[in-house]
Enquirer: 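What follows is a structure written as structure tokens; I'll ask about it next.
Numbers here are sequence positions counted from 1. Since the model is a prediction, treat every value here as computed from it, not as a measurement.
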Amino acid sequence: MKKILFIFVAFVCVTLFSRSAKAQGNYSIVLYEENHETTGNLYVSGTFGSGPTVKKDKNSYYNAGIGFHANLKKYKVYEFVTNSSSLNDRARSAKIYSDGPVTFTVYDSPDAKTNDDYTVIRVKTAANGVYISSFENNYEDDNLKVTYYRKNGLDGKVSSLIITQ
């Protein structure tokens with residue numbers, strides 16, 4: 001009887017976990033220090049996300065679930081290099097990957113306060129490497145909506161990131 005109960009509980013847990021994982025999906029935001037359209041270069045600062053993503057060189061990849069809040073002062077450009085500088089005040093553009101709805105919000109405030117600049121990047125359906133050339137522009141299409149809330153400029157001053165469903 002205990003064995004049957006154990007198998008039933010295990011089956012229920014696996015079923016619930018797999019449904020939760022499917023609902024959350026795979027997503028990532030790659031933060032860049034430059035704007036490719038103006039410099040011709042893209043230097044990766046860091047990547048935050050869940051599931052498969054694009055990772056370039058030795059730059060850091062941080063696993064980030066829904067509800068994740070990153071104060072970028074606490075994250076290094078090179079995760080395993082002791083003297084690496086933080087990701088704070090570096091990002092000027094981003095690339096978005098997602099196989100379903102997710103929202104990335106980048107803030108000028110390290111505490112994610114909305115009394116300074118911030119941008120909401122909402123993936124409506126899916127995004128396969130959609131390039132956001134600036135956090136200071138509004139944009140919308142069938143898959144993505146980017147809304148910028150201006151105070152005094154956000155490009156190169158991103159200090160925190162929150163990922164929500």
Side-chain angles (χ1 to χ4, degrees), residues 9-37 39-72 74-80 86-88 90-110 112 114 117-149 154-156 158-165:
V9 170
F11 174 76
V12 169
C13 289
V14 168
T15 302
L16 291 175
F17 177 76
S18 66
R19 285 185 183 167
S20 172
K22 284 182 182 176
Q24 188 165 321
N26 296 317
Y27 53 84
S28 62
I29 181 169
V30 183
L31 300 175
Y32 295 106
E33 293 186 31
E34 300 292 331
N35 177 329
H36 179 69
E37 294 171 349
T39 66
N41 298 314
L42 283 178
Y43 298 103
V44 177
S45 288
T47 302
F48 293 86
S50 160
T53 188
V54 174
K55 186 173 178 180
K56 193 173 179 183
D57 303 321
K58 297 177 184 175
N59 294 87
S60 299
Y61 174 81
Y62 296 99
N63 193 16
I66 298 296
F68 179 81
H69 173 208
N71 176 334
L72 298 183
K74 298 177 182 177
Y75 293 87
K76 296 179 179 181
V77 174
Y78 299 108
E79 185 176 6
F80 302 108
S86 78
L87 295 173
N88 187 55
R90 288 179 171 270
R92 295 181 173 277
S93 61
K95 201 171 264 191
I96 306 295
Y97 297 87
S98 177
D99 60 8
V102 67
T103 300
F104 302 97
T105 307
V106 293
Y107 300 85
D108 192 342
S109 162
T114 57
D117 296 85
Y118 68 101
T119 295
V120 178
I121 304 165
R122 184 170 65 90
V123 178
K124 298 177 189 178
T125 56
N128 187 15
V130 177
Y131 181 64
I132 308 294
S133 63
S134 170
F135 296 116
E136 298 180 10
N137 294 323
N138 293 308
Y139 170 79
E140 185 169 12
D141 65 17
D142 291 340
N143 298 323
L144 195 72
K145 181 175 183 179
V146 179
T147 308
Y148 171 52
Y149 297 90
L154 183 58
D155 288 350
V158 174
S159 295
S160 64
L161 161 73
I162 293 180
I163 302 171
T164 55
Q165 193 72 41

Enquirer: Would Leu87 and Tyr62 count as a side chain to side chain contact (heavy atoms under 4.5 Å, CB included) if you check the C-alpha gap in whole Å, the side-chain angles of each, and the deciding distance to 0.1 Å?
Expert: CA-CA 12 Å; Leu87 295 173; Tyr62 296 99; 4.1 Å; yes

Enquirer: Does the side chain of Asn88 come under 3.5 Å of the side chain of Ser159 through a donor N or O and an acceptor N or O?
Expert: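 There is such a pair between these side chains.
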
Enquirer: Run the side-chain contact (heavy atoms from CB on, under 4.5 Å) test against Ser98 and tell me which residues pass, sequence neighbours left out.
Expert: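 side-chain contact (heavy atoms from CB on, under 4.5 Å) check on Ser98 returns Tyr27, Val102, Val123.
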
Enquirer: Between Ala91 and Val158, what is the shortest heavy-atom contact and its length?
Expert: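 Answer, listing the atom of Ala91 first, then Val158: O-CG2, 3.8 Å.
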
Enquirer: Test your reading of the model: is there a side-chain donor-acceptor pair from Asp99 to the backbone of Asn26, 3.5 Å cut-off?
Expert: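 It does hold such a pair.
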
Enquirer: Mark yes or no for whether Glu136, through its side chain, and Asp155, through its backbone, hold a donor-acceptor pair below 3.5 Å.
Expert: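 Confirmed, Glu136 side chain pairs with Asp155 backbone.
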
Enquirer: Could you list the residues that satisfy side-chain hydrogen bond (donor to acceptor under 3.5 Å, both in side chains) with Tyr148, not counting sequence neighbours?
Expert: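 Applying side-chain hydrogen bond (donor to acceptor under 3.5 Å, both in side chains) to Tyr148 gives Asp117, Arg150.
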
Enquirer: Give me the atom names and distance for the closest heavy-atom approach of Thr47 to Ser28.
Expert: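 Scanning both residues completely, I find the closest heavy atoms to be CG2-CB, 4.2 Å.
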
Enquirer: Taking the side chain as C-beta and beyond, is there a heavy-atom pair between Leu31 and Phe135 under 4.5 Å?
Expert: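 Yes; the side chains approach each other to less than 4.5 Å.
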
Enquirer: Of all residues at least two apart in sequence or in a different chain, which pass the side-chain hydrogen bond (donor to acceptor under 3.5 Å, both in side chains) check with Tyr139?
Expert: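 Partners of Tyr139 under the side-chain hydrogen bond (donor to acceptor under 3.5 Å, both in side chains) test: Asp141.
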
Enquirer: Taking salt bridge (Lys or Arg N to Asp or Glu O under 4.0 Å) as the test, write out the residues that go with Arg90, two or more places apart.
Expert: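 For Arg90 the salt bridge (Lys or Arg N to Asp or Glu O under 4.0 Å) partners, ignoring immediate neighbours, are Glu33.
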
Enquirer: Just so I know, are the side chains of Thr114 and Tyr149 near enough to count as touching, which here means a heavy-atom distance under 4.5 Å?
Expert: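 No, their side chains stay 4.5 Å or more apart.
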
Enquirer: Where is the tightest heavy-atom contact between Ser93 and Ile132, given as atom of each residue plus distance?
Expert: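 So the two residues come closest at CB-O, 3.1 Å.
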
Enquirer: With Thr119, which residues qualify under side-chain hydrogen bond (donor to acceptor under 3.5 Å, both in side chains), at least two apart?
Expert: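 Per chain and number, Thr119 pairs via side-chain hydrogen bond (donor to acceptor under 3.5 Å, both in side chains) with no residue.
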
Enquirer: Identify, with sequence neighbours excluded, every residue that meets side-chain contact (heavy atoms from CB on, under 4.5 Å) alongside Thr164.
Expert: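 So Thr164 forms a side-chain contact (heavy atoms from CB on, under 4.5 Å) with Thr103, Ile162.
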
Enquirer: Would you compute the distance between atom CG of Leu144 and atom CD1 of Ile96 and round it to the nearest 0.5 angstrom?
Expert: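 It comes to 7.0 Å.
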
Enquirer: What closest approach, in Å, do Val146 and Asn137 show between heavy atoms, and which atom pair accounts for it?
Expert: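 For Val146 versus Asn137, the nearest heavy atoms are CG1-O, 3.5 Å.
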
Enquirer: Quick one: ring-ring contact (aromatic ring centres under 6.0 Å, His included) partners of Tyr107, sequence neighbours excluded?
Expert: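 If we apply the ring-ring contact (aromatic ring centres under 6.0 Å, His included) test to Tyr107, skipping adjacent residues, the hits are Tyr118.
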
Enquirer: Who pairs with Asn138 by side-chain hydrogen bond (donor to acceptor under 3.5 Å, both in side chains), at least two apart in sequence or on another chain?
Expert: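 For Asn138, no residue satisfies side-chain hydrogen bond (donor to acceptor under 3.5 Å, both in side chains) once neighbours in sequence are set aside.
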
Enquirer: Quick one: list whatever passes side-chain contact (heavy atoms from CB on, under 4.5 Å) with Phe68, sequence neighbours left out.
Expert: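 In terms of side-chain contact (heavy atoms from CB on, under 4.5 Å), with neighbours along the sequence ignored, Phe68 is linked to Phe48, Ala64, Ala70, Tyr75, Ile163.
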
Enquirer: Per the salt bridge (charged side-chain N to carboxylate O under 4.0 Å, His left out) rule, what does the pair list look like for residues 121-130, sequence neighbours excluded?
Expert: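 Residue pairs passing salt bridge (charged side-chain N to carboxylate O under 4.0 Å, His left out), neighbours aside: Lys124-Glu140.
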
Enquirer: So which atom in Ser160 and which in His69 form the shortest heavy-atom distance, rounded to 0.1 Å?
Expert: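 Closest pair (atom of Ser160, atom of His69, distance): CB-NE2, 3.8 Å.
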
